[in-house]
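Numbering of ligands and ligand atoms starts at 1, following listing order. Since the structure is predicted, the reported quantities are computational estimates derived from the model, not experimental observations. All values below were derived from every heavy atom in this structure, side-chain atoms included, with hydrogens, water molecules and symmetry-related copies excluded.
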Amino acid sequence: MKVLVTGFEPFGSNKINPTEKIIDSLANEELEGISIITNVLPVVFKKADEILANLLAEHKPDIAIHLGLAAGRSSISLERVAINLMDARIPDNENFQPKDEQLRKDGETAYLSKLPIKEIVNELRKEGIPSVVSNTAGLYVCNEVMYLSLYHSAKFGFPAKTGFIHVPYLPEQVVEKFLTNGQNIPCLPLDLQVKAVKIAIQKTLKL
Ligand code: PCA
């Protein structure tokens with residue numbers, strides 16, 4: 001069983017992306033009977049598209065779990081839906097800022113997550129980790145990656161199960177924002193974020 005887990009590099013005003021750290025810690029993990037392929041994607045619309053396509057073609061994963069930072073959210077968010085649209089509030093890391101542009105002309109308007117999102121949310125809550133189903137992954141590079149993974153799944157049959165999880169800031173990021181401009185923003189420690197992703201993988205493997 002092959003599981004692809006992707007995160008993202010920092011972007012915008014965020015100097016750290018927690019998902020990069022989650023990927024680092026998963027890369028050193030042995031989970032029973034599965035091989036985990038990890039990758040940190042650039043926050044660049046065109047490059048993320050190309051790199052994801054190459055990863056899927058090369059590894060043919062059974063499961064793909066894509067991770068991104070959702071600045072300001074308080075919980076682990078299991079995204080329900082990806083939309084066939086790019087409408088960027090801020091430019092990407094190579095200064096591209098698409099507005100109202102389709103991702104794939106031959107794709108559906110939207111795809112629903114193929115992860116067992118409600119089962120994962122329930123399991124995380126049982127473990128004391130705040131978690132919700134989210135009905136929007138935004139219209140930036142995270143939505144793009146979720147959409148393209150589901151488009152690939154619909155077109156080629158793999159990854160059979162794929163979806164997206166947004167994570168909150170890490171505590172150190174919030175301390176910095178509080179000290180620099182008094183913003184009071186929610187966060188979740190790295191160990192709980194890593195635990196949440198492992199639970200999501202295990203739950204997806206079982207169902
Ligand atoms: N979050 C952004 C892109 C990269 C990331 O970690 C998003 O929500 O689209």
Exercise. Would you say Asn14's side chain and Asn17's backbone share a donor-acceptor pair under 3.5 angstrom?
Worked result: no
With nothing but distance in play, are any N or O atoms of [X] less than 3.5 Å from an N or O of ligand 1?
X	value
His166	yes
Cys142	yes
Asn17	yes
Phe8	no

Exercise. Are Phe158 and His152 near enough that their ring centres are under 6.0 Å apart?
Worked result: yes
For this session: Verify the distance criterion only: is there a donor paired with an acceptor across the side chains of Ser134 and His166 at less than 3.5 Å?
Result: no
Exercise. Should Phe45 and Ile90 be regarded as members of a common hydrophobic cluster, given that ILVMFWY residues are connected when their side-chain heavy atoms come within less than 4.5 Å of each other, either directly or indirectly?
Worked result: yes
Exercise. Does CZ belonging to Phe178 count more than 12 external heavy atoms closer than 6.0 Å?
Worked result: no
Exercise. Could you go step by step and tell me if Tyr111 and Asn84 meet the side-chain hydrogen bond (donor to acceptor under 3.5 Å, both in side chains) rule?
Worked result: CA-CA 8 Å; Tyr111 291 107; Asn84 192 0; over 6 Å; no
For this session: Check ligand 1 against Val141 and write out every atom of the ligand that is under 4.0 Å from a heavy-atom position of the residue.
Result: 9 (O)
Problem set entry | Proximal atoms of ligand 1 relative to Gly68 (non-hydrogen, under 4.0 Å) | 6 (O)
Exercise. Which part of Val43 is near ligand 1, with near meaning a heavy atom under 4.0 Å away: side chain, backbone, both or neither?
Worked result: side chain
